[in-house]
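Naming convention: chains lettered A, B, ... in sequence-line order (proteins, then strands); numbering from 1 in each chain.
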Protein chains: 2
Amino acid sequence: MDVNDFKILLVDDETDVLDFMKYNLEKEGFWVYTAHNGVEAIQMAKKMNPHLIILDLMMPKMDGIETCRELRNIPEFKNTIITFLTARDEDYSQIAGFEVGADDYITKPIKPRVFISRIRALLRRLETNETTGKFAVGDIEIDRERYVVVKAGKEISLPRKEFELMNLLVSKPGRVFKREEILSKVWGTDTIVGDRTIDVHIRKLREKIGDDYFKTIKGIGYKFDA
Amino acid sequence: MDVNDFKILLVDDETDVLDFMKYNLEKEGFWVYTAHNGVEAIQMAKKMNPHLIILDLMMPKMDGIETCRELRNIPEFKNTIITFLTARDEDYSQIAGFEVGADDYITKPIKPRVFISRIRALLRRLETNETTGKFAVGDIEIDRERYVVVKAGKEISLPRKEFELMNLLVSKPGRVFKREEILSKVWGTDTIVGDRTIDVHIRKLREKIGDDYFKTIKGIGYKFDA
DNA sequence: CTTGAATGTTAAGTTAAGGTTAATACATTT
DNA sequence: AAATGTATTAACCTTAACTTAACATTCAAG
């Protein structure tokens, strides 16, 4: 996973702290979202699905501890990394923080270099677990972790390109992917392949998964449907 | 895994700091070992195979950073949690620490409650990953303590690299490990080995354990399956 | 109902990825 | 310092995966 794919949600009621962190993180290429309180934070988190959430402890409405607890109760955020932002020496908060499922805490005042370094260390944890992803549509399940497609409980293993193509199409069932788009996403922008290559791969998928899952939209592209 | 099974190695040149930490950790039921410098630390680590190592940054002979680097080069300690102990505000050390593969750092002076809480948070990570003890899948059992693989009751002893590779793959049966990932986890990020090295090791495993346990996903990596 | 551009199909050609082996370098024991 | 055991490399081999090309079929516009 590339640095530029990481999404970070910053939550703090003080706008200047927020801006300062945002500036530093964006400079490093992260996607940064912000919220001013716990309530906003949860809304934003649901929308953006960030990889890392940095929560200030002291906030109006809902404090960091409480926000963290709520987040941890939402299954989506079970694996999200949550870090607290605290003033030095707030011992009790630190303890409560860990108990409530925080992964780390960062002390204010923030020093850019340490801060960035810390963030990187935290995100490093994700890199191994982030290739992980299973999702299902109808009786088809795609398991990126094991690199297999499961159809009605039966494992079908596909070669790389076929798998990637399958994965792309299934990622948005019903949506039509233009040939161009497929080429750039599965083959990459710099590879040039002949006209029939996509068709041949679709053919193999139809053979292995089933004819009627893949629909051709002439002149446009293909779509997956259950 | 029970608290009482966790082994922690403390490394600091100041005996009273050492004693203080030791006292507090033992009170909580951890097994605590100590060392006064980097050299001792590495010896002790090899003997005790601790789950967590706390390294003071400033030490005679070999400092914390250097010790950490050395440790990370030993495959056994790839998954060991390493934390630095620093005086407040040693920014640069912190950065170097993370770069060298540290998981966290703890600031002095140590406050017992925060300290313990922190340690628990760190060790919690281990509970999910099966990094310790014995582990079995189907008729294959891996004994990490003794460095032995048991297949259908028969012990097969593997050399270190083969064992590490085996261990990695078996740790998540079915999951595909990318070549890169295997390299960084078994060989380490800083070692560069030729293209065929992984294959050769896989070959040896197939020879010793059985062909069909190891599946190749071309262009991606390998997975273990029973 | 034509018709031609777009896609389907098949099988044969390529190639990149991995398999295999043996030789060499490197480490440990004894 | 042999001897034994491990790890890595290099050279070559094998194949599945991928691509292409040639021909067949479809389907939607006229």
Can you work out whether B:Val193 or A:Asp195 has the more 5'-proximal nearest nucleotide on DNA chain D? B:Val193

Please check if any side-chain donor atom of B:Arg160 sits under 3.5 Å from a side-chain acceptor atom of B:Tyr147, or the reverse. no

Residues from residues 175-192 of chain A sitting under 4.0 Å of DNA chain D, heavy atoms only? A:Trp187

Base, sugar-phosphate, or nothing for A:Tyr222, non-hydrogen atoms under 4.0 angstrom? sugar-phosphate

Under a 4.5 Å cut-off applied to non-hydrogen side-chain atoms, are B:Phe115 and B:Met21 in contact? yes

Examine the side chains of A:Ser184 and A:Arg179 and answer whether a donor and an acceptor come within less than 3.5 Å of each other. no

Minimum heavy-atom separation for B:Phe77 to B:Pro50, with atom names? CE2-CD, 4.3 Å

Cation-pi check, B:Arg175 onto B:Phe177 ring (under 6.0 Å, within 45° of axis): yes

I want to confirm an ordering. Mapping B:Gly221 and A:Ile217 to their closest nucleotides on DNA chain C, which one lands closer to the 5' end? A:Ile217

Base, sugar-phosphate, or nothing: which does B:Lys218 touch, judged by heavy atoms less than 4.0 Å apart? base

Taking CD in A:Glu207 as the centre, count heavy atoms belonging to other residues, nucleotides or ligands within less than 6.0 Å. Is the count above 12? yes

B:Glu26 atom CD, over 12 foreign heavy atoms within 6.0 Å: yes

To the nearest Å, give me how far apart CD1 (B:Ile156) and P (D:dT6) are. 14 Å

Separation of B:Glu162 atom CD from D:dG5 atom C1', in whole Å? 11 Å

Criterion ring-ring contact (aromatic ring centres under 6.0 Å, His included) on B:Phe224 and B:Tyr213, from CA distance to verdict: CA-CA 6 Å; B:Phe224 175 90; B:Tyr213 289 100; 5.7 Å; yes

What about the rings of B:Trp31 and B:His51, do their centers lie closer together than 6.0 Å? no

Sorted by number, residues from residues 196-209 of chain B placing a heavy atom under 4.0 Å from DNA chain D are B:Arg196, B:Thr197, B:Val200, B:His201, B:Lys204

Using a cut-off of 4.0 Å on non-hydrogen atoms, how would the nucleic acid contact of A:Ile220 be classed: base, sugar-phosphate, or nothing? sugar-phosphate

For A:Lys178, is the NZ atom crowded, meaning more than 12 foreign heavy atoms sit under 6.0 Å from it? no

For A:Thr197 and A:Lys161, run side chain to side chain donor-acceptor pair (under 3.5 Å): C-alpha distance rounded to whole Å, both residues' side-chain angles, the deciding distance at 0.1 Å, then the answer. CA-CA 11 Å; A:Thr197 305; A:Lys161 284 269 152 62; over 6 Å; no

To the nearest angstrom, the CG-P distance between B:Leu165 and D:dT8 comes to 11 Å

Its 5'-most and 3'-most nucleotides having an atom under 4.0 Å from a non-hydrogen atom of chain B, DNA chain C is contacted over C:dA17 to C:dT21

